[in-house]
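The structure appears right after this line, and notes come after that.
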Amino acid sequence: MAAAAAARAVSVGSGLRGLPRTLPLVVILGATGTGKSTLALQLGQRLGGEIVSADSMQVYEGLDIITNKVTAQEQRMCQHHMISFVDPLVTNYTVVDFRNKATALIHIEDIFARDKIPIVVGGTNYYIESLLWKVLVNTKPQEMGTEKVIDRKVELEKEDGHALHKRLSQVDPEMAAKLHPHDKRKVARSLQVFEETGISHSEFLHRQHAEEGGGPLGGPLKFPNLCILWLHADQTVLDERLDKRVDDMLAAGLLDELRDFHRRYNQKKVAENSQDYQHGIFQSIGFKEFHEYLVTEGKCTPETSNQLLKKGVNSSILPRLGHPWVAEYLLV
């Protein structure tokens, strides 16, 4: 019923004859299990819209089940964008890359140009914020020689976190005061901004806030007509939905997906001791937690393998989805 009510609320209309029609940008937010994807599909079909996924893990190819991507059938029901287009071995894909591609002519602007409504569906809030507000600072990769390009942020993240934080406190004390030394990724990003632009990260943010239409979340809105739907559900309803989701993930072949992805993309890295669970799709909740199980499967006793599997389940996404008995279910 909530989905139907929302669909009625977002009416388009043809407007007065001879006058341009201004279409809204629809954004759907909400916790896991509140029905974001279902509502997006219903709105897309009812209003002739197209769906733009804003999920930092769904941009990568692979792990379709555990990242809860829409099915091929659902994609045929309504055009989807920004899903499964980044190679899983790419580790330096950022929110800036996402923002640039999602707002380019082939996506949001193109959807508007075809007189359709873009429907942004969130899983990652800062990805959504990058589309709605002027909140990011553009930096360019550094070139070395004629072909090699390095990502300065990735290079910085290899250094000691406390040393990085000390350097940041010297060039941008305001940002350093907001960040913990253990938050190496954000500290490295702020240092990257200063090194590549000569302007502190905090100064960039102050300038954005000061622009006309700017505010606490950043600079001005990029689109004039927004319709933001923030979905809520009672906890008892969420529990039932999330229990069913786990059943569906298992039935769809979750364990086979994990094994296949490990063999194709991670097994060699493990052998070389170069696996990285801090970047790219490898940081996806529900994959790295199964590391011990995947690397020892077939090399230990069934009892030990079962224990490692249960350990992976207990520390992964599955119990967070509200399914207390899923570990035992998997071992049947």
Side-chain angles (χ1 to χ4, degrees), residues 6 9-13 15 19-30 36 39-40 43-44 47 49-56 59 81-82 93-141 153 171-179 185-186 189-231:
V10 188
S11 58
V12 180
L19 295 179
R21 178 177 61 183
T22 303
L23 298 176
L25 175 69
V26 177
V27 180
I28 302 176
L29 302 169
K36 298 186 297 295
L39 175 58
L43 288 178
L47 304 177
E50 297 184 12
I51 297 171
V52 179
S53 170
D55 188 292
S56 61
V59 300
H81 304 271
M82 304 302 289
Y93 189 85
T94 69
V95 64
V96 175
D97 298 317
F98 172 84
R99 185 274 315 269
N100 292 344
K101 185 175 180 65
T103 57
L105 291 178
I106 59 172
H107 289 112
I108 290 180
E109 295 298 343
D110 182 57
I111 295 171
F112 276 129
R114 290 186 278 104
D115 202 28
K116 293 181 177 293
I117 296 177
I119 303 170
V120 177
V121 182
T124 306
N125 281 351
Y126 67 92
Y127 270 36
I128 295 176
E129 292 168 4
S130 76
L131 300 181
L132 303 187
W133 285 277
K134 183 179 179 182
V135 294
L136 300 178
V137 177
N138 292 323
T139 56
K140 296 181 179 180
K153 178 173 174 287
V171 299
D172 191 351
E174 180 179 345
M175 187 60 70
K178 298 177 181 179
L179 301 176
R185 297 181 69 180
K186 290 185 179 179
R189 171 57 178 164
S190 291
L191 276 174
Q192 177 195 26
V193 169
F194 178 77
E195 291 184 6
E196 297 184 359
T197 68
I199 302 173
S200 69
H201 198 175
S202 58
E203 176 60 24
F204 265 113
L205 297 180
H206 285 311
R207 293 181 184 182
Q208 290 178 351
H209 297 170
E211 292 184 36
E212 183 178 358
L217 289 177
L221 285 168
K222 297 178 182 179
F223 301 96
N225 298 301
L226 287 175
C227 177
I228 299 179
L229 305 175
W230 200 307
L231 308 188

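Quick caveat: nothing in here was measured; it's all calculated off a predicted structure.
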Residues two or more places apart in sequence or in another chain: which of them pass side-chain contact (heavy atoms from CB on, under 4.5 Å) with Lys36? Ile28, Thr34, Val121, Leu231
Just so I know, are the side chains of Val171 and Ser200 near enough to count as touching, which here means a heavy-atom distance under 4.5 Å? no
What are the two closest non-hydrogen atoms of Ala102 and Leu131, and how far apart are they? CB-CD2, 3.6 Å
Quick one: does Val193's side chain get under 4.5 Å of Met175's, heavy atoms only? no
Value for CD (Gln192) from NZ (Lys186), rounded to nearest 0.5 Å, stands at 15.0 Å
Please identify each residue that fulfils ring pair (Phe, Tyr, Trp, His ring centres under 6.0 Å) with Phe194, with sequence neighbours left out. none
Please evaluate residues Tyr126 and Arg99 with respect to the criterion side chain to side chain contact (heavy atoms under 4.5 Å, CB included), reporting the C-alpha separation (whole Å), side-chain torsions for both, the decisive distance (0.1 Å), and the verdict. CA-CA 10 Å; Tyr126 67 92; Arg99 185 274 315 269; over 6 Å; no
NZ of Lys178 to CG of Leu205, rounded to nearest 0.5 Å, is 6.5 Å
Hey, mind stepping through Arg207 and Ile199 against side chain to side chain contact (heavy atoms under 4.5 Å, CB included) and telling me if it holds? CA-CA 11 Å; Arg207 293 181 184 182; Ile199 302 173; 3.4 Å; yes
For the atom pair OG (Ser190) and CZ (Phe204), what is the distance rounded to the nearest 0.5 Å? 11.5 Å
Any chance you could measure Phe98, atom CZ, to Asp55, atom CG, to the nearest 0.5 Å? 9.0 Å
Out of curiosity, Glu196 CD to Leu191 CG, how far, rounded to the nearest 0.5 Å? 11.0 Å
Okay, side chain of Thr124, backbone of Ser56: is any donor-acceptor separation there less than 3.5 Å? yes
When Val120, Leu29, Leu25, Ile128 are each screened for side chain to side chain contact (heavy atoms under 4.5 Å, CB included) with Ile228, the one that passes is Leu29
State, to 0.1 Å, how close Lys116 and Leu23 come at their nearest heavy-atom pair, and which atoms those are. O-CD1, 3.4 Å
Asp172 to Ser202 - nearest heavy-atom pair and separation: OD1-OG, 2.6 Å
With a 3.5 Å distance limit and no angle check, can you tell me whether His107 reaches the backbone of Lys101 through a side-chain donor-acceptor pair? yes
Closest contact, heavy atoms only, Phe112 versus Pro24: CE2-O, 3.7 Å
Please report the interatomic distance CD(Glu50) to CD1(Ile108), rounded to the nearest 0.5 Å. 11.0 Å
Asp97: partners by side-chain hydrogen bond (donor to acceptor under 3.5 Å, both in side chains), with sequence neighbours left out: Thr94
Between Arg185 and Arg189, is the side chain to side chain contact (heavy atoms under 4.5 Å, CB included) condition met? List the steps. CA-CA 6 Å; Arg185 297 181 69 180; Arg189 171 57 178 164; over 6 Å; no
Donor-acceptor pair, distance only, cut-off 3.5 Å: does the side chain of Lys222 make one with the backbone of Ser130? yes
Check each of Ile51, Leu226, Asn225, Leu43 against Val26 using the side chain to side chain contact (heavy atoms under 4.5 Å, CB included) test, and report the only one that passes. Leu43
